Novice: 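Dropping the structure in here first, questions after.
On a predicted model such as this, the values are computed, not experimentally measured, just so you know. Convention: sequence-line order gives letters A, B, ...; per-chain numbering from 1.
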Amino acid sequence: MTFKLSRIQFFLIMFIAQTGTVSLSFQTPFINVVGRDAWLIFIGVGIFHYVLLLLYEKNYKYFVLGPFGSWLYKGYWLLIIVSFISYIDYTLAVWAFPDTPQIVVISIMVGVSLYANLSRPETVINLSVILIPLIPIFYLLLLLAWPEFVWTNLFPIGEVDSSRLLKGILTSQFTFIGIELFLFFRKHVDIKQKIKGLPLLIYQMFWLVFFLSSVLFTLLYFSLEEIKMIPEPAMYILKSQTVTFVERIDLFFIYLWMMWSIITISLFAFTTMYVHQLHANGHKKRNTIIFHILLVLLPLFLHSKEHVAIIQKSLVYFHLFFAIVVPTVVILMNRRKKK
Amino acid sequence: MDDMVSTDSLILYIKKIFHNSSDLFVEETKWQDRTAVICYYTVMTEGAQVNLQLELIRKRASDGLIDWGETAISSVHAFSVSTLTESVSSGFVAVIFPETNLLLQIKMPKFAMRSPNEPDNEHVIRGSHDGFVEGFDANMSLIRKRLAIPDLVVQSLRIGNDTKTHINYVYIESIADEDVVADVKKRLESIKSNKVISIGQVEDYLEDSVWSPFPQFLNTERPDRVVANLLEGKIALFTDSSPTALIAPVNFFSFYESPDDYNGRVLVGSFYRLLRMLSFMTAIFLPAFYIAVIGFHSDIIPLELGKQVKLAVNDIPYRPIFEALLLELFIELIRESAIRLPTPIGQTVGIVGGLVIGNAIVSAGLVSNFMVIVVAMTAISSFVVPSWEMNMTIRIIRFPFMIAASLFGFFGIAIGTLVLFIHLMNVSSLKQPYFSPIVPFDPSRFKDVFFRSPYVRLKKQQKTFTHGEDKEGGNR
């Protein structure tokens with residue numbers, strides 16, 4: 001699989017992979033743990049995210065995986081996709097399709113990913129472009145709630161203790177999921193285009209503003225007691241807004257988010273097949289089809305919201321292992337080998 | 001003619017080759033102290049003009065010129081049956097000299113030709129009002145009039161064993177991508193069909209994905225549009241019998257550009273280009289959106305409007321999808337009949353169909369008035385596209401969206417949108433990305449897609465699907 005990325009394509013892949021499914025759900029568990037300090041802590045978490053990106057940028061050339069490492073990552077991404085699909089299916093069942101069989105909704109979503117992944121690599125790479133006009137619309141709709149924001153909800157700050165702080169940082173790691181794609185796709189970026197310095201900082205700012213604003217909107221709109229009962233705060237904010245021609249904006253947004261998530265799934269599936277092709281010869285089409293059959297079947301085993309929640313909670317630990325531990329080990333080993 | 005044959009037997013032989021066609025002229029004539037046989041189709045060549053040319057050439061021969069047969073419109077070849085049939089079938093005059101085994105070919109075909117009027121399907125407000133006709137020479141003269149440069153190249157070949165259709169491809173040597181030119185030549189030469197009748201048939205053979213609903217060649221009858229595209233490094237194809245030129249490689253957004261954009265003011269041109277892009281969305285999504293709202297998501301409509309919609313829809317005995325399909329079918333019937341009928345009657349059909357039957361169909365309770373508004377708006381949106389092929393494509397692809405919306409509501413539309421988007425990303429025109437500048441994503445080229453920038457600038461077709469150095473076609 002040979003392809004070349006421009007800087008913008010690379011950052012767009014990163015952004016959509018990181019924001020896709022988690023953008024709707026990470027706020028509630030995070031704020032539940034750290035309370036009003038959530039926005040302040042997330043700024044700190046953002047700095048950690050940037051440091052991680054800088055370290056990746058400095059060492060990505062040393063990140064070369066063997067077949068065993070590749071299989072580990074493939075398993076990790078399979079887990080991510082299955083968990084995302086289960087969550088999307090669950091959310092759609094709540095908001096849109098209570099009676100439609102799970103397998104129908106999942107098959108249709110996975111079918112789109114299969115179609116994209118059976119196409120040229122450039123198709124998946126550029127698929128995120130469709131979301132570019134939609135993301136600002138989502139923000140504009142959220143901003144409709146501006147008159148109802150209670151600014152005093154942001155204060156007082158500094159009430160969180162160290163154990164809750166650690167727990168909060170751990171919960172905030174949901175927003176990091178997908179960051180490891182940097183290590184895999186960085187080498188495909190046009191060497192004439194700079195990533196280090198300002199471009200990386202701009203990407204970091206986009207990421208930070210996106211997630212931080214969603215935390216701020218949630219804190220400003222709901223009291224802490226309310227947040228405990230609301231799993232998808234952005235959806236509820238939109239549900240409470242009306243514009244002249246539309247009564248339920250949330251119904252539009254749920255499908256926008258679904259498209260966003262399907263593209264995220266397609267990107268993770270693409271990355272999985274890309275890494276698989278690094279150590280396997282041929283049969284790309286067959287392998288892609290088999291992988292997508294797994295993507296239809298595995299979520300069917302997650303019957304309830306509890307199962308989905310367990311898998312999602314465990315994702316954070318897998319993420320720490322695959323985004324920090326494994327890259328550190330691989331990079332250190334390869335650096336040493338090179339010396 | 002290996003052996004000397006008598007003139008009479010040669011005439012008989014020629015008549016046999018052309019199956020004694022009554023419009024074939026074959027006569028013996030005196031040529032200095034020898035005999036020759038003149039042969040041509042009377043319907044394709046004017047006899048008086050033939051005599052004048054023959055007199056001229058006879059005089060050259062009697063003056064003892066070595067190249068007596070080589071004039072601006074005549075040439076001498078060794079005789080062969082294939083040269084004879086090809087010459088006469090093309091409307092040339094063939095003069096055969098049995099003694100010397102030579103064939104004098106005089107190119108003076110006469111074809112009925114209409115005047116180069118503005119094409120009915122590509123009107124512009126400002127700018128030139130001429131259009132192509134059913135003859136390549138006349139069409140090429142319209143192009144050469146606008147491009148007085150030696151770099152403008154025409155290449156010709158004949159395809160189809162039975163029809164021997166003349167295909168010409170035109171490009172600007174210094175701008176066109178040589179790989180694309182070679183590819184076009186290769187594709188044309190590989191057409192194995194015996195019968196090539198129309199330019200549309202040629203398009204089928206040249207397209208990268210013939211089953212895609214999206215046209216991969218821009219069809220136009222306007223010389224100014226061809227010239228603008230040639231200057232962007234594209235290739236134009238013509239047949240002798242059609243006023244339509246095929247232009248490739250093109251991208252999706254080329255179909256939304258009109259010569260009027262550059263004839264009008266910058267802001268006006270940009271506004272209408274944006275309006276056309278918006279019309280793509282309404283033409284495809286509006287009926288599907290309405291079906292989804294009525295069938296699944298009626299709670300998104302504000303209460304005041306919702307009450308009226310419910311009142312209107314409650315009286316309709318069947319589901320919105322059938323309502324929409326019925327009206328769409330009705331619109332398509334009006335459109336098709338209006339094309340086939342003479343213009344004044346066609347207009348009457350449009351008025352009777354649109355107003356009288358449209359009103360009656362609502363009064364009869366077959367469809368709601370909201371659905372009439374939606375379908376009418378959709379039809380108008382689809383007619384905004386400056387390309388007839390893209391217009392037809394849009395009209396067709398809204399049906400799957402309507403069905404998806406009737407089955408799954410907004411979910412169906414969202415999934416359909418993704419599938420449509422992926423398909424557009426996969427399509428190529430002469431192997432170059434059709435959905436450029438989205439594939440490969442290049443924000444710097446977007447302004448030319450949505451806005452008409454001041455001063456016409458050369459926009460080259462994106463050459464590769466991937467981001468890279470050699471990303472633009474053409475020799476720069």
Side-chain angles (χ1 to χ4, degrees), chain A residues 2-10 12-13 92 95-97 100 104-105 108-109 111-132 134 188-190 192-193 242-260 262-263 266, chain B residues 209 277-278 281 289 292-293 296-307 309 404-405 407-428 431 433-446 449-450 462 464-471:
Chain A
T2 52
F3 55 88
K4 206 171 182 183
L5 299 172
S6 70
R7 188 168 57 194
I8 291 180
Q9 286 175 319
F10 172 66
L12 196 60
I13 289 175
L92 284 176
W95 289 86
F97 297 114
T100 310
V104 174
V105 178
I108 293 172
M109 290 191 299
V112 174
S113 170
L114 176 65
Y115 180 30
N117 276 285
L118 287 177
S119 309
R120 292 184 186 88
E122 288 79 11
T123 300
V124 187
I125 287 166
N126 295 293
L127 197 53
S128 320
V129 179
I130 194 174
L131 297 172
I132 291 176
L134 302 178
H188 290 279
V189 178
D190 188 348
K192 286 180 185 166
Q193 297 191 338
T242 50
V243 287
T244 319
F245 295 106
V246 184
E247 195 75 18
R248 291 274 309 273
I249 307 171
D250 57 306
L251 279 178
F252 283 113
F253 176 68
I254 190 79
Y255 296 101
L256 163 63
W257 169 77
M258 184 201 74
M259 284 170 78
W260 196 333
I262 291 174
I263 294 171
S266 306
Chain B
S209 38
M277 298 306 297
L278 186 70
M281 310 297 281
F289 180 78
V293 169
F296 291 84
H297 315 289
S298 53
D299 38 352
I300 71 157
I301 314 172
L303 281 177
E304 300 77 16
L305 186 64
K307 225 185 280 175
V309 172
L407 291 174
F408 295 103
F410 286 163
F411 178 76
I413 298 176
I415 295 292
T417 307
L418 281 173
V419 171
L420 176 70
F421 207 70
I422 295 170
H423 173 73
L424 278 167
M425 289 176 146
N426 287 338
V427 176
S428 58
K431 294 183 192 158
Y434 188 68
F435 214 30
S436 159
I438 291 174
V439 175
F441 181 50
D442 186 357
S444 64
R445 294 169 78 111
F446 266 86
V449 167
F450 295 110
Q462 171 75 31
T464 58
F465 276 81
T466 193
H467 166 86
E469 286 170 39
D470 188 21
K471 63 178 186 175

Novice: Quick one: are A:Ile262 and B:Ile415 in side-chain contact, heavy atoms under 4.5 Å?
Specialist: yes

Novice: Considering only heavy atoms, which portion of A:Leu127 lies under 4.5 Å from any heavy atom of chain B: side chain, backbone, both, or neither?
Specialist: both

Novice: Using a cut-off of under 4.5 Å on heavy-atom pairs, state which of A:Val129, A:Ile8, A:Val104 scores highest against chain B.
Specialist: A:Val129

Novice: In terms of heavy-atom proximity below 4.5 Å to chain B, should A:Val105 be classed as side chain, backbone, both, or neither?
Specialist: both

Novice: How long is the straight-line distance from CG of B:Leu407 back to OG1 of A:Thr100, given to the nearest 0.5 Å?
Specialist: 10.5 Å

Novice: How far does CG of B:Asp442 sit from CD of A:Gln9, to the nearest 0.5 angstrom?
Specialist: 8.5 Å

Novice: Can you tell which of A:Ile130, A:Thr123, A:Ile125 makes a side chain to side chain contact (heavy atoms under 4.5 Å, CB included) with B:Met425?
Specialist: A:Thr123

Novice: Measuring from A:Met258:CE to B:Leu418:CG, what's the distance to the nearest 0.5 Å?
Specialist: 6.5 Å

Novice: Most heavy-atom pairs under 4.5 angstrom with chain A, which of B:Ala414, B:Pro443, B:Gly409, B:Gly306?
Specialist: B:Ala414

Novice: Roughly how far apart are B:Ile438 CD1 and A:Glu122 CD, rounded to 0.5 Å?
Specialist: 15.0 Å

Novice: Identify which part of B:Ser428 has an atom lying under 4.5 Å from any heavy atom of chain A, answering side chain, backbone, both or neither.
Specialist: side chain

Novice: Quick one: what part of A:Ile249 sits under 4.5 Å from any heavy atom of chain B, side chain, backbone, both or neither?
Specialist: neither

Novice: Determine whether B:Phe410 and A:Ile254 satisfy the following criterion, side chain to side chain contact (heavy atoms under 4.5 Å, CB included), listing intermediate values before the conclusion.
Specialist: CA-CA 9 Å; B:Phe410 286 163; A:Ile254 190 79; over 6 Å; no

Novice: Side chain, backbone, both or neither: which part of A:Leu92 has a heavy atom under 4.5 Å from chain B?
Specialist: side chain

Novice: Tell me, please, which residues at least two apart from A:Phe253 pass ring pair (Phe, Tyr, Trp, His ring centres under 6.0 Å).
Specialist: A:Phe138

Novice: For A:Met259, is it the side chain, the backbone, both or neither that has a heavy atom under 4.5 Å from a heavy atom of chain B?
Specialist: both

Novice: Would you mind checking which part of A:Ile263 comes under 4.5 Å of any heavy atom in chain B, side chain (CB onward), backbone (N, CA, C, O), both or neither?
Specialist: side chain

Novice: For B:Pro440, is there any backbone N or O sitting under 3.5 Å from a side-chain donor or acceptor partner on A:Asn126?
Specialist: no

Novice: How long is the gap from CZ on B:Phe408 to OH on A:Tyr255, to the nearest 0.5 Å?
Specialist: 11.0 Å

Novice: So, taking the atom named CD in A:Glu247 and the one named CD1 in B:Ile301, what distance separates them when rounded to the nearest 0.5 Å?
Specialist: 10.0 Å

